[in-house]
Enquirer: 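Questions regarding the structure given below will be posed in turn.
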Amino acid sequence: MDTLHLLAGGLANALTLEHLLYAAVGVLLGTAIGVLPGIGPAMAVALLLPVTYAFEPTGAFIMFAGIYFGAMFGGSTTSILLNTPGESASVMAAIEGNPMAKQGRGAQALATAAIGHFIGGMVGVLGLVLLAPLVASVAVDIGAPDYFAIMVLAFVAVTGVLGASRVRGFAALALGLTIGLVGLDPISGQPRLTFGVPQLADGIDVVIVAVGLFAVGEALWVAAHLRRAPQEVIPVGRPWLGREDLKRTWKPWLRGPFIGFTFGAIPAGGAEMSTFMAYVTERRLSRHPERFGKGAIEGVAGPESAASASSAGTLATMLTLGLPTTAIAAVMLAAFQQFGIQPGPLLFTREPELVWTLIASLFVGLVLLLVLNLPLAPAWAKLLRIPRPYLYAGILFFACVGAYAVSGQPVDLLVLLVIGAVGFLMRRYGLPVLPAIIGVILGGDAELQLRRALQIADGDVTTLVSTPLSITVYTIVVLLFLVPPVARLVRRRRADQEPERVDAGV
Amino acid sequence: MTITDDRPAGHGAGGPEPTPTGRRAWLRAHSELGVSALLAAVGVLVVVDTLAESGAGTGSDPIGPRPVALVLGAALLLLAVLLTIDILRGGHGEAEGGEDVDLDTPMDLRTVGMLAGVLVATAVLIPLAGWPIAGTVLFAGATYALGSRAFPRDLVIAGAVSLSTWVIFDALLGVDLPGGPLMGVFG
């Protein structure tokens, strides 16, 4: 009841002309940047951070929410029309959407994606409305040992579950944690890894790290391997859906969000896992599994609605626990911190207006996304033809604007370049970027919680496993370590028995 | 360079190397060992710096600033060893793909170097010439490095992007970007 009241207040706030404008600008900017090849949602949010410095927090976050949803949708437009997905979340869109486009059904694929994002987002944000206050009210009581345990879980989950190589995942995490260590220790005030350089005493700003790893690292990496032959873009008309298509898509649209929200909310889920699970589910439930891989519209509808719902799930965890489960959430968390706002259970009691306006504007943003993107799709498709030198020069340019705007020091551009070089090496040698950025953002916090817990317990280490929640969480951590090798063993044994069975091949 | 076959025994299991031209080729095929070296170097740096820079804990802060950093340093060293073992056993980090990435071509480090140079030049130019000029150099330099040779057009676009960004950020959004001597005339 109370929730409804707060949401209504938030909606009234979100529907002011100013906030509507922010939402519209966010959706348009997000979609445009998401469509641009080579720019994923995380880079989009990182690059647009400086734009929001001028706004008050509510306006800035309304814009971010629009950018987030817009960029997710924009990413799938690219995969459908280009068949080389930029971010892992739109791999599934490429698998079915691109064959559809090649068969001349690009308009239907885009419409399926757009409506899927709308439905998935709506159901997902509804889930956020219902669950987030509940989680927040429970989480208010959790103490420092629990927080530390949850952060350890986040580190292990994003590192150990995703990605092919765990050694490389943990190497990326360790590098991120090291970057986060630079600066004065927040409790004792003693310098660490500053090498006597005064600029390093405040630590390396998270915005510079995010922009460096995502934007500069990516631009340098693409520059080293730039595709010289232009890619074929499939032309597309105004998106629409026929009756037959609707009959095939409405169930996947409704199934996707439940998968998406769940996997978006837990660490190591994210949009990648969500879309994958939704795809597998649709293929298994389909009466015509042979259509999959050749342009099955169900394979676009399910994953796309799951993708948007997973964004809502990600936001739920980020807002209620202060825990980023994806790279975009990590960058958004950094943005919150820039404004001096700490997401977590207390956010709902301390900043109710901000939170509920943000949630309400998610609904508004989704409506805008659908209304704007269906007619604009042909225009977005034109963005795919942008000459690559301009595109990557532009990314570097705005990366520098962002890094410079943080504190107005030219030295920051050199820091940006060094971190960009690290991002380059990580892409070259298969170190995942997500653990690194999570390490930078959560590392300091995790240490703070650890030391706070030990302060309270007078240095007694057993305090770390003194609560039921922390014990549960550590059990999950141990399981995460044990399950993949065991599963691999089982799969190998099963593969021996039926060798013709091939996995989804992603 | 003398040709010596000093491959570790564990590697031979994967079959003979296609081009056994000695140490150099081996190193090229195993350039990922550089990542191990980087991890080890960072690990040593963290440990040494922690022991040198920060002090022990106090009564109110029992563990102090040191242990977490030391654990991290040790973890980096351990990961360096584990990664080395993985690489020597034939493990490979998979290079990241993308819309504009063509992994079949060899790495074009010249372009990357030029871009890095452009970034450094921008950092130097900002305090001297202001954002509009530094930004123009950055954008035009980057497009040139990336292979565009449309001479007047690139420069015009670069100037337009840079100037409009400066106006939008400095004047409209209130994000402070230095205008430099040139903009002082107008402003």
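So that the names make sense, note that chain A is the first sequence line, chain B the second, and so on, each numbered from 1.
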Enquirer: Is it the backbone or the side chain of A/Val411 that comes under 4.5 Å from a heavy atom of chain B, or both, or neither?
Expert: neither
Enquirer: Could you look at A/Leu384 and say if it's the side chain, the backbone, both or neither that has a heavy atom under 4.5 Å from chain B?
Expert: neither
Enquirer: Please check: side-chain N/O of A/Arg192 versus main-chain N/O of B/Ala69, any donor-acceptor pairing under 3.5 Å?
Expert: no
Enquirer: With a strict 4.5 Å heavy-atom criterion, list every residue of residues 117-125 of chain B that contacts chain A, or say none.
Expert: B/Leu119, B/Val120, B/Thr122, B/Ala123
Enquirer: Apply side chain to side chain donor-acceptor pair (under 3.5 Å) to B/Arg110 and list each qualifying residue two or more places apart in sequence or on a separate chain.
Expert: none
Enquirer: Which atoms form the tightest heavy-atom contact between B/Leu79 and A/Ala174, and what is the distance?
Expert: CD1-CB, 3.8 Å
Enquirer: Give the minimum heavy-atom separation between A/Tyr429 and B/Ser31, together with the two atoms involved.
Expert: OH-OG, 2.7 Å
Enquirer: Given a strict heavy-atom distance threshold of 4.5 Å, which part of A/Tyr390 is in contact with chain B: side chain, backbone, both, or neither?
Expert: both
Enquirer: Which word best sums up how the rings of A/Phe397 and B/Phe139 line up, parallel for under 30°, tilted for 30 to 60°, or perpendicular for over 60°?
Expert: perpendicular
Enquirer: Using only atom types and a distance under 3.5 Å, with no angle test, would you say the side chain of B/Asp102 pairs donor to acceptor with the backbone of A/His225?
Expert: no
Enquirer: Select one option (side chain, backbone, both, neither) describing which atoms of A/Leu181 are under 4.5 Å from chain B's heavy atoms.
Expert: side chain
Enquirer: Considering only heavy atoms, which portion of A/Leu431 lies under 4.5 Å from any heavy atom of chain B: side chain, backbone, both, or neither?
Expert: side chain
Enquirer: Side chain, backbone, both or neither: which part of A/Glu218 has an atom under 4.5 Å from a heavy atom of chain B?
Expert: side chain
Enquirer: At a 4.5 Å cut-off on heavy atoms, which part of A/Phe195 comes close to chain B: side chain, backbone, both, or neither?
Expert: both
Enquirer: Walk me through whether B/Met107 and A/Arg428 qualify under side-chain contact (heavy atoms from CB on, under 4.5 Å).
Expert: CA-CA 10 Å; B/Met107 255 209 293; A/Arg428 167 68 181 86; 3.4 Å; yes
Enquirer: More than 12 non-hydrogen atoms from neighbouring residues, nucleotides or ligands closer than 6.0 Å to CZ on B/Phe169, yes or no?
Expert: yes
